[in-house]
Protein chains: 2
Amino acid sequence: MALGKDYAGQDCALARALELVGERWTLLVVRDVFYGVRRFSDFQAHLDIPRAVLTARLSALVDGGVLERRRYQDSPPRDEYVLTEAGVALWPAVYALAQWAVAFLPTAAGAIREFAHVTCDAVVDPAGLCAVCGRVPPATELETRPGPGMATYHRDDPVSVALRRPHRLIEPLQPALAEARA
Amino acid sequence: MALGKDYAGQDCALARALELVGERWTLLVVRDVFYGVRRFSDFQAHLDIPRAVLTARLSALVDGGVLERRRYQDSPPRDEYVLTEAGVALWPAVYALAQWAVAFLPTAAGAIREFAHVTCDAVVDPAGLCAVCGRVPPATELETRPGPGMATYHRDDPVSVALRRPHRLIEPLQPALAEARA
DNA sequence: CCGTGTTGGTTCATTCATTGAACCGAGGCG
DNA sequence: CGCCTCGGTTCAATGAATGAACCAACACGG
């Protein structure tokens, strides 16, 4: 990040978290993984992030136990990045930050996405609570749906287009991308 | 943060949040405000942050509506930084990140702090839920108490010492500091 | 079996941010 | 009058981010 390698002896949980996910781009990469992005080139297309930085962030997330790098084909060798248990557990933090921005840094068009509890088919509230079952579902039980602001959101790279469809969190985006190419 | 002034057109709520609170040190400053730190020199003593960076971060937080700069004495003129409504609303995000680190980046000694719902006198769970009243209390209804890991946490600047006492969140730390000096 | 395309990188010069030390100014205090 | 505190600003040095170029492994089409 910058000189202070270890956040200057801040012996505190928040500092430890920020060590790992507090660098520029890192949390956006994590968000993309929740949305189903798994491949190097898909992150790159969606985030417009320099490749060197993406390499560094993915490696840091793997080293930190947030992502796992998994071989999905042998020839040519190709790896994908998937969330570990620790990674999935980051959802409340990611969601809380995003909902804060929806509430306090609003855009005219409103929220781009909504998140619904698939087993109840109900959109969760800003605290993540499902009104139907009264619980706060984990990321594995959520799907993302376009919100009112989606209409004004215009990136036209294939990954962005595929991400506009309603789809289950964490599930791979790749099938939709392959279909779109065909 | 670095070149990409606007997180590269990521038209997304998380990106907007990170614009404002995603820079190095920023979230630690916000955490300190929740703990009661309000003055420039107290932030500086507790965080070991370069003064120029602290100035920049506090200004950004004021401009972004997270903090308010308030004159607390006229001669010499002195200001303190206090949370706005938007600032207080950041608590769930800060808490979620910290609790994630407690769970997945643990230290041998355990959590340094616990947070209790003052009206119920009960420690809240990692999701922020109070077991007694069944709600997720806002930061204004919480107090911090030393946890099992506090014993191994040793910074001896006056601010760190004052922060070890149980105390209400957001309430100013300054009285305890003045008392300690006396 | 040759050229082209895709994926997943690495390397490198330039630009920008962070750092830490030094300096500064307004005012209180003895 | 001189010194201290608070809350900064300035500045040179260092390190990180950027973006363009390069590279390697392999598939595929002809």
Do A:Arg38 and A:Gln174 get their side chains close enough for a donor-acceptor pair, meaning under 3.5 Å? no

Nearest 0.5 angstrom please: B:Leu67 CG to B:Tyr81 OH, how far? 8.5 Å

Does B:Arg39 place a side-chain N or O at less than 4.0 Å from the phosphate oxygens OP1/OP2 of D:dG8? no

Spacing of B:Arg69 atom CZ relative to D:dC6 atom C1', expressed in whole Å: 12 Å

Between CZ of B:Phe40 and C1' of C:dA26 the distance, given in whole Å, is 16 Å

Apply the test salt bridge (charged side-chain N to carboxylate O under 4.0 Å, His left out) to residues B:Glu80 and B:Arg78: give CA-CA distance (whole Å), side-chain angles for both, the deciding distance (0.1 Å), then the verdict. CA-CA 7 Å; B:Glu80 62 184 2; B:Arg78 291 285 180 264; over 6 Å; no

Separation of atom CG in A:Asp42 from atom P in C:dG9, rounded to whole Å: 13 Å

Would a 4.5 Å heavy-atom cut-off, applied to side chains only, mark B:Leu163 and B:His46 as touching? yes

For C:dT10 and A:Thr55 - does any side-chain N or O of the residue sit under 4.0 Å from the phosphate oxygens OP1/OP2? yes

A:Trp91 and A:Phe115 aromatic centres sub-6.0 Å: yes

Could you please name the option among D:dA17, C:dT19, C:dG8 that lies closest to any side-chain atom of A:Ser41? C:dG8

Would you mind reading off the distance between B:Leu54 atom CG and D:dG8 atom P, rounded to a whole angstrom? 8 Å

Decide whether a cation-pi geometry holds between B:Arg113 and B:Tyr35; the criteria are a distance under 6.0 Å from NZ or CZ to the six-membered ring centre and an angle within 45° of the ring axis. yes

Expected output is a numbered-order residue list: members of residues 73-82 of chain B with a heavy atom under 4.0 Å from any atom of DNA chain D. What is it? B:Arg78, B:Asp79, B:Tyr81

Would you indicate what B:Ala56 reaches in the nucleic acid, counting non-hydrogen atoms under 4.0 angstrom: base, sugar-phosphate, or nothing? nothing

Side-chain N or O of B:Tyr72 less than 4.0 angstrom from OP1 or OP2 on D:dC6? no

Specify the separation, in whole Å, of atom CD of A:Gln44 and atom P of C:dG9. 12 Å

Can you tell me whether the side chain of A:Arg51 and the base of C:dG8 have a donor-acceptor pair closer than 3.5 Å? yes

Ion pair check, A:Arg69 and A:Asp63, cut-off under 4.0 Å: no

Measuring to OP1 and OP2 of C:dT18, would you say a side-chain N or O of A:Arg24 lies under 4.0 angstrom away? no

